[in-house]
Amino acid sequence: MEEQNLARPKLEVAEPDISQEPIGYVGIDSVLDQMRRKAMKNGFEFNIMVVGQSGLGKSTLVNTLFKSKVIRKSPDAAIPKTVELNAVSQVVEERGMEMRLTVIDTPGFGDQINNQNCWDPIIKYIHEQYEKYLREEILINRKRRIPDSRIHSCIYFIPPTGHWLRPLDLEFMKRLGRIVNVVPVIAKADTLTLEEREEFKQRIRKDLQTHGISVYPQPELDEDSAEALMNDKIREKIPFAVVGTDEEHQVNGRKVFGRKTKWGIIEVENTAHCEFANLRDLLIRSNLQDLKDITHNIHYETYRVSRLNEKFQPSQTKELGVL
């Protein structure tokens with residue numbers, strides 16, 4: 001009796017042609033419409049921290065960014081003796097889309113004679129928001145949508161000295177760049193000539209590179225060549241030289257936001273006058289979702305891993321000691 005060949009026949013499976021389009025309309029592209037409808041229904045959170053010395057126009061710039069009175073300050077408010085953190089929340093709506101905006105101001109930063117460790121309250125606050133999110137995330141019965149108070153972007157205001165970055169600027173951005181998306185700007189850039197402004201920007205970029213300071217967008221986080229090309233254009237303009245104002249003026253028959261001087265009107269949204277429009281595009285029109293993604297996938301994830309390791313290491317050591 002002949003032995004039966006028990007070996008299974010080899011089946012040749014053709015690899016699918018991923019470039020092949022379906023015959024006829026399937027409706028895959030409608031996913032974008034579904035995502036848009038859901039986003040418009042739920043809205044989204046966006047949290048910005050503004051850091052810098054008093055008098056650099058932090059509140060004015062935020063109000064100009066969102067074209068609304070997000071931050072209202074009393075003109076005779078005293079400078080606090082220590083760094084304070086004030087969070088202001090407001091719902092900004094545009095064309096049916098709601099954004100729950102929270103702006104965290106830091107009055108008192110850099111205003112003292114001794115500014116040693118003035119960044120500690122800011123770092124503590126950022127970590128507290130990560131901790132708050134982590135505690136919600138590890139619950140057995142989690143909320144369907146976890147409230148997000150994590151800082152998605154930190155705008156750091158550099159005084160328009162025209163020289164070099166101060167030790168305070170370097171130390172702050174070095175420490176904060178590890179835990180949050182730092183976007184440096186030159187405040188009140190209209191106090192510098194165009195030549196002074198460009199020289200100052202070059203010196204700042206050189207300082208950042210020399211001291212290994214990571215600011216957004218981080219080159220190591222570019223996902224592909226197309227994104228790297230887009231982000232390279234942004235990196236060429238960092239730090240953004242900005243001017244903020246909530247005053248409107250008539251220029252050639254149209255209303256513009258600008259500052260009136262004896263030499264003329266500095267148009268805030270005119271890229272020939274300042275780089276406010278570039279900053280706005282980065283924060284809102286082109287990179288808002290990327291700022292949120294990097295916050296969640298990089299900065300928060302780094303904090304989450306560190307905290308969970310802290311929790312599990314003592315119990316593991318105890319178990320090993322028993323064995």
Side-chain angles (χ1 to χ4, degrees), residues 46-53 56 58 83 104 106 109-110 115 117-131 133 150-159 164-187 200-242 275 278-284 286-307 309:
F46 190 52
N47 309 314
I48 295 180
M49 177 178 280
V50 289
V51 181
Q53 285 179 276
L56 291 180
K58 301 188 297 292
V83 179
I104 299 90
T106 56
F109 177 86
N115 291 303
N117 300 329
C118 62
W119 46 77
D120 284 348
I122 297 171
I123 294 174
K124 181 184 176 185
Y125 181 88
I126 293 171
H127 282 159
E128 285 174 350
Q129 308 319 305
Y130 289 153
E131 184 69 21
Y133 194 91
R150 297 169 298 179
I151 307 302
H152 301 123
S153 178
C154 173
I155 306 176
Y156 185 71
F157 287 70
I158 301 168
W164 300 89
L165 288 175
R166 302 167 302 169
L168 173 63
D169 302 324
L170 294 168
E171 192 63 31
F172 176 86
M173 286 192 282
K174 191 168 188 176
R175 289 173 181 265
L176 269 288
R178 301 169 186 151
I179 61 173
V180 73
N181 297 313
V182 176
V183 179
V185 300
I186 300 172
F200 192 31
K201 284 164 66 76
Q202 290 177 9
R203 288 172 185 162
I204 291 172
R205 284 195 290 266
K206 187 176 180 180
D207 272 347
L208 294 174
Q209 186 177 5
T210 302
H211 292 85
I213 295 172
S214 175
V215 298
Y216 181 85
Q218 302 89 335
E220 65 273 14
L221 299 181
D222 293 339
E223 294 184 352
D224 51 44
S225 57
E227 186 174 283
L229 185 63
M230 182 183 73
N231 286 339
D232 281 343
K233 293 179 181 178
I234 298 172
R235 285 186 277 264
E236 288 172 1
K237 294 187 178 297
I238 285 178
F240 297 105
V242 298
E275 294 170 336
N278 302 109
L279 174 66
R280 178 201 57 203
D281 290 350
L282 172 74
L283 293 175
I284 303 170
S286 63
N287 288 53
L288 187 150
Q289 187 57 50
D290 189 56
L291 286 163
K292 296 188 67 172
D293 289 343
I294 289 178
T295 299
H296 182 75
N297 298 325
I298 304 298
H299 298 306
Y300 168 70
E301 187 66 15
T302 302
Y303 178 84
R304 188 187 71 85
V305 170
S306 174
R307 288 288 289 120
N309 280 336

Can you tell me how far apart [atom1] ([X]) and [atom2] ([Y]) are? Round to the nearest 0.5 Å.
X      : Y      : atom1 : atom2 : answer
Tyr300 : Glu131 : OH    : CD    : 8.5 Å
Leu283 : Asn278 : CG    : CG    : 11.0 Å
Thr106 : Trp119 : OG1   : CH2   : 14.0 Å
Gln129 : Ile104 : CD    : CD1   : 7.0 Å
Asn297 : Thr302 : CG    : OG1   : 10.0 Å
Ile186 : Phe157 : CD1   : CZ    : 12.0 Å

Heavy atoms, side chains only, cut-off 4.5 Å: are [X] and [Y] in contact?
X      : Y      : result
Met49  : Val180 : no
Asn231 : Pro219 : no
Val50  : Phe109 : no
Val51  : Val182 : no
Ser153 : Thr295 : no
Phe240 : Leu282 : yes
Glu275 : Leu279 : no

Side chain to side chain donor-acceptor pair (under 3.5 Å) partners of Tyr216, counting only residues at least two apart: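 If we apply the side chain to side chain donor-acceptor pair (under 3.5 Å) test to Tyr216, skipping adjacent residues, the hits are Asn287, Asp290.
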List the atom of [X], the atom of [Y], and the distance in Å for their closest heavy-atom pair.
X      : Y      : value
Ile179 : His127 : CG2-NE2, 3.9 Å
Gly110 : Leu168 : CA-CD2, 3.9 Å
Met173 : Pro184 : SD-CB, 4.0 Å
Ala241 : Lys201 : N-NZ, 4.4 Å
Glu220 : Ser214 : OE2-OG, 4.0 Å
Cys118 : Val83  : O-CG2, 3.5 Å

Classify the ring geometry between Tyr133 and His296 as parallel (under 30°), tilted (30 to 60°) or perpendicular (over 60°).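 Rings of Tyr133 and His296: perpendicular, over 60°.
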Assign the ring pair Tyr130 / Tyr303 to parallel, tilted or perpendicular, where the plane angle (0 to 90°) is split at 30° and 60°.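 Geometry flag for Tyr303 against Tyr130: tilted rings.
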I'd like to check the side-chain contact (heavy atoms from CB on, under 4.5 Å) partners of Leu170; sequence neighbours left out, ordered by chain and number.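 side-chain contact (heavy atoms from CB on, under 4.5 Å) check on Leu170 returns Leu165, Asp207, His211, Ile213.
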How would you list, by chain and number, every residue that makes a side-chain contact (heavy atoms from CB on, under 4.5 Å) with Lys206, sequence neighbours excluded?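 Only Thr210 meet the side-chain contact (heavy atoms from CB on, under 4.5 Å) criterion with Lys206.
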Under 4.0 Å between a Lys/Arg side-chain N and an Asp/Glu carboxylate O for Glu301 and Arg304?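 Result for this pair is yes, salt bridge flagged.
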SB check Asp281 Lys237 (cutoff 4.0 Å):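 Salt bridge between Asp281 and Lys237, a charged N being under 4.0 Å from a carboxylate O: no.
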Taking atom CD of Glu223 as the centre, does the number of heavy atoms from other residues, nucleotides or ligands within less than 6.0 Å exceed 12?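 No, not enclosed.
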Does CD belonging to Gln209 count more than 12 external heavy atoms closer than 6.0 Å?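 At most 12 heavy atoms, drawn from other residues, nucleotides or ligands, come within 6.0 Å of this atom.
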Under a 3.5 Å distance rule, please check whether Lys58 uses its side chain to pair with a backbone N or O of Gln53 as donor and acceptor.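 Yes; judged by distance alone, with no hydrogens or angles, the pair exists.
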Examine distances only and state if a side-chain atom of Arg205 and a backbone atom of Glu236 form a donor-acceptor pair shorter than 3.5 Å.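 Checking the backbone N and O of Glu236 against the side chain of Arg205, a donor-acceptor pair under 3.5 Å is found.
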Residue that, paired with Asn181, satisfies side-chain hydrogen bond (donor to acceptor under 3.5 Å, both in side chains) out of His299, His152, Lys292: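 Among the candidates, only His299 passes.
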Under the criterion side chain to side chain contact (heavy atoms under 4.5 Å, CB included), I'd like the reasoning laid out for Phe172 against Ile122: C-alpha separation, chi angles, the key distance, then a yes or no. CA-CA 10 Å; Phe172 176 86; Ile122 297 171; 3.8 Å; yes
